[in-house]
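Written below as structure tokens is the structure these notes are about.
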Amino acid sequence: MAAEAESLITVEHAEASTAPVPAKMESAGGKPAMVLGIDDSEHSYYALEWTMHHFFAPGQTQQYHLVVVSAKPPASAVIGIAGIGTAELLPRVELDLKRASARVIEKAKEHCSHVTDVSYEVKEGDARNVLCEAVERHHADMLVMGSHGYGAFKRAVLGSVSDYCTHHAHCTVMIVKKPKHHKKSSEHWGWGFHSKEA
């Protein structure tokens with residue numbers, strides 16, 4: 001089972017960095033980087049569609065190197081407090097988390113199939129740290145993410161990834177909020193994405 005998990009997806013650990021932020025650099029192709037944070041939520045996929053429409057529409061000149069980043073929580077954080085039987089659960093939970101991350105990246109690849117300069121990453125850790133670290137690593141000009149639309153109480157209890165990144169990412173942060181009465185992308189923008197049925 002552990003070998004299967006390793007073959008599914010490579011995950012690296014992300015930590016908060018206190019190092020000074022280097023000057024912005026362009027990708028090897030000469031384009032500035034845009035980091036797009038993604039998870040397996042409707043809000044996140046809407047932000048992906050919005051970004052494709054506004055920055056990477058088919059036939060449009062692509063001004064950015066797109067870096068799609070997904071954060072995978074550590075298995076121990078998902079299980080919570082250690083107890084009897086926890087050690088036996090960790091490998092199974094880890095495998096499930098890797099499979100979920102692989103599905104998120106595969107769905108992103110389907111949406112980004114027409115993008116010519118794109119890379120994909122899954123990093124283990126808290127999404128706030130993962131995204132801010134990706135901005136620094138890629139010297140990104142822009143970070144794009146969806147808004148989960150939490151109310152004030154949920155934001156206070158759970159913390160908001162977008163609030164954190166707005167204050168800590170050293171680049172422009174664009175938070176894409178899904179309208180309450182959103183049409184499907186094919187109706188809204190005149191084209192859509194093809195997704196495989198599960």
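Residue numbers start at 1 and run along the sequence shown. Predicted model, so just to flag it, every value in this text is computed and none were measured.
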Donor-acceptor pair, side chain of His139 and main chain of Val135, under 3.5 angstrom: no
Whether Gln62 side chain and Thr116 backbone form a donor-acceptor pair below 3.5 Å: yes
Residues which pass ring pair (Phe, Tyr, Trp, His ring centres under 6.0 Å) with Tyr120, listed by chain and number, not counting sequence neighbours: none
Sidechain N-carboxylate O distance under 4.0 Å for Lys72, Glu94: yes
Verdict with reasoning, Val144 to Val35, per side-chain contact (heavy atoms from CB on, under 4.5 Å): CA-CA 6 Å; Val144 181; Val35 172; over 6 Å; no
Min side-chain heavy-atom separation Ser70-Ile105 under 4.5 Å: yes
Partner of Leu131 under side-chain contact (heavy atoms from CB on, under 4.5 Å), chosen from Asp126, Val173, Val69: Val69
Looking at every heavy atom in both [X] and [Y], which two are closest together, and how far apart are they?
| X | Y | value |
| --- | --- | --- |
| Asp141 | Cys171 | O-CB, 3.6 Å |
| Ala75 | Leu90 | CB-CD2, 3.8 Å |
| His114 | His111 | CE1-O, 3.5 Å |

Test side-chain contact (heavy atoms from CB on, under 4.5 Å) applied to Asp40 and Arg103, step by step: CA-CA 8 Å; Asp40 195 24; Arg103 283 191 301 271; 5.5 Å; no
Can you measure from [atom1] ([X]) to [atom2] ([Y]) and round to the nearest 0.5 angstrom?
| X | Y | atom1 | atom2 | value |
| --- | --- | --- | --- | --- |
| Cys132 | His167 | SG | NE2 | 11.5 Å |
| Lys177 | Tyr46 | NZ | OH | 11.5 Å |
| Leu143 | Thr172 | CG | OG1 | 9.5 Å |
| His43 | Ser147 | NE2 | OG | 7.0 Å |
| Cys112 | Lys107 | SG | NZ | 12.5 Å |
| Met145 | Thr51 | CE | OG1 | 11.0 Å |

Ring geometry between His138 and His65 (parallel below 30°, tilted from 30 to 60°, perpendicular above 60°): tilted
His168 and Tyr164 aromatic ring geometry - parallel, tilted or perpendicular at 30°/60° bounds: parallel
Set of residues satisfying side chain to side chain contact (heavy atoms under 4.5 Å, CB included) with respect to Ser44, sequence neighbours excluded: Ile38, Asp39, Ser41
Side chain to side chain contact (heavy atoms under 4.5 Å, CB included) partners of Ala71, counting only residues at least two apart: Ala127, Val130
Glu42, CD: over 12 other non-hydrogen atoms inside 6.0 angstrom: no
side-chain contact (heavy atoms from CB on, under 4.5 Å) assessment of Met34 paired with Phe56: CA-CA 11 Å; Met34 174 190 290; Phe56 300 95; 3.9 Å; yes
Any donor-acceptor N or O pair under 3.5 Å, side chains Tyr64, Asp117: no
Residues Trp50, Lys178; criterion side-chain contact (heavy atoms from CB on, under 4.5 Å); working and verdict: CA-CA 9 Å; Trp50 187 93; Lys178 181 179 178 185; over 6 Å; no
